[in-house]
Novice: 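First the structure, which I've put down as structure tokens, then a few questions once you've had a look.
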Amino acid sequence: MTMKTISIINLKGGVAKTVSAINIAYTLVVKHEKRVLLIDNDKQGNTSKFFGLYDPESDGLSELLTVRGLDVDSVIRKTGYEGLDIITANMNLLRANKEILMDVSLPQQTRLRKKLEQVKERYDYVIIDNAPDLNMSVVNALVASDDVLIPIKIDQFSFDGLEQILEQIDYVSEFNSDIRFAGCFVTMYQRNNVNQQGAELLEQQGFPMFNTRIRKTVKVDEMTFTGKPLLVYAKRSTACVDYIALVNEYLGL
Ligand SMILES: Nc1ncnc2c1ncn2[C@@H]1O[C@H](COP(=O)(O)OP(=O)(O)OP(=O)(O)O)[C@@H](O)[C@H]1O
Ligand SMILES: [Mg+2]
């Protein structure tokens, strides 16, 4: 199959972008025998920290985006899970974002897309965990992406920023005509009125929505401390079952 790149994005913080990126990636590896590359695109480095690979010194996404001629292989690391590799991020991403803007001698939006072309025979999926931002590294992620997935936590501010992401997808289609808004999915779902009504409202607004909702469970908070994806740490938990269902729904199974 040809490699597919998926951006997990929402301009809001704390909606489960990172948790979703990790568990969608690992589910693709274990349940569907896919070869997956995770990309941490957040200077907080939460995904990198999860796998014990956060390092303020080592080369990662920042260098891949800014150092001329840097080989993508020099920034790909093993996660410790067979079939799942990672490109890490750290605070250097702040500087990298400024550098991309200043250095006009290289194309600014298509850098990641070009680098990923080098690994297209080696991975089935690239999953990008984006920062709650629309900076140049996020633009690069969108330009490199085939599909965009938006995790949504239902609260008063759930709708904020969705329009901007859609506008950005539109803008990016100038560089990447393949980009597709695959849909939103509800995270941290609880069976209560707010969640029920919020989810319905999203559907009424005409946003493409996945039927699968990721239920809220303390197992997810625990998982973030263990360095183990849900399929390893708590495979019978509601959220794990839901991520498996979400991936199936995404794959059209
Ligand atoms: N299904 C769930 N049930 C319970 N807690 C969850 C669930 N999903 C995510 N969380 C918790 O929500 C918090 C935010 O998750 P996460 O870090 O993945 O969000 P994020 O969107 O990546 O945040 P940021 O914008 O800071 O990068 C974490 O503490 C996580 O444990
Ligand atoms: Mg995150």
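We count residues from 1, following the sequence as given. We count ligands from 1, going down the list as the structure has it; atoms in each ligand are counted the same way. Because the structure is predicted, anything quoted here is derived from the model rather than measured.
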Novice: Could you verify whether a donor N or O on one side chain and an acceptor N or O on the other, from S20 and Y243, lie under 3.5 Å apart?
Specialist: yes
Novice: Salt-bridged, K12 to D155, with N to O below 4.0 Å?
Specialist: yes
Novice: Here's a test for you: under side-chain hydrogen bond (donor to acceptor under 3.5 Å, both in side chains), which of N130, D129, D40 qualifies with T18?
Specialist: D129
Novice: Under a 4.0 Å heavy-atom cut-off, which residues neighbour ligand 1?
Specialist: G13, G14, V15, A16, K17, T18, V19, D42, Q44, P132, M188, I214, R215, K216, T217, V220, D221, T224
Novice: Report yes or no: is the cationic atom of K34 (NZ for Lys, CZ for Arg) closer than 6.0 Å to the six-membered ring centre of Y125, at no more than 45° off its axis?
Specialist: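 That pair does not qualify as a cation-pi contact.
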Novice: Scan side-chain atoms only and decide if D242 and Y189 contain a donor-acceptor pair under the 3.5 Å cut-off.
Specialist: no
Novice: Indicate yes or no: does D146 engage R180 in a salt bridge with an N to O separation below 4.0 Å.
Specialist: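 No, D146 and R180 are not salt-bridged.
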Novice: What's within reach of the Mg ion (ligand 2), meaning protein N/O/S atoms under 2.8 Å?
Specialist: T18 OG1
Novice: I'd like to know if E222 pairs up with K219 as an ion pair, taking the criterion as any Lys NZ or Arg NE/NH1/NH2 lying under 4.0 Å from an Asp or Glu carboxylate oxygen.
Specialist: yes
Novice: Regarding Y171 and Q109, do their side chains bring together a donor and an acceptor under 3.5 Å, going by distance alone?
Specialist: yes
Novice: Distance only, no hydrogens: is a donor on one side chain within 3.5 Å (strictly under) of an acceptor on the other, for R95 and T66?
Specialist: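 Their side chains do not contain a donor-acceptor pair, so the 3.5 Å distance test is not met.
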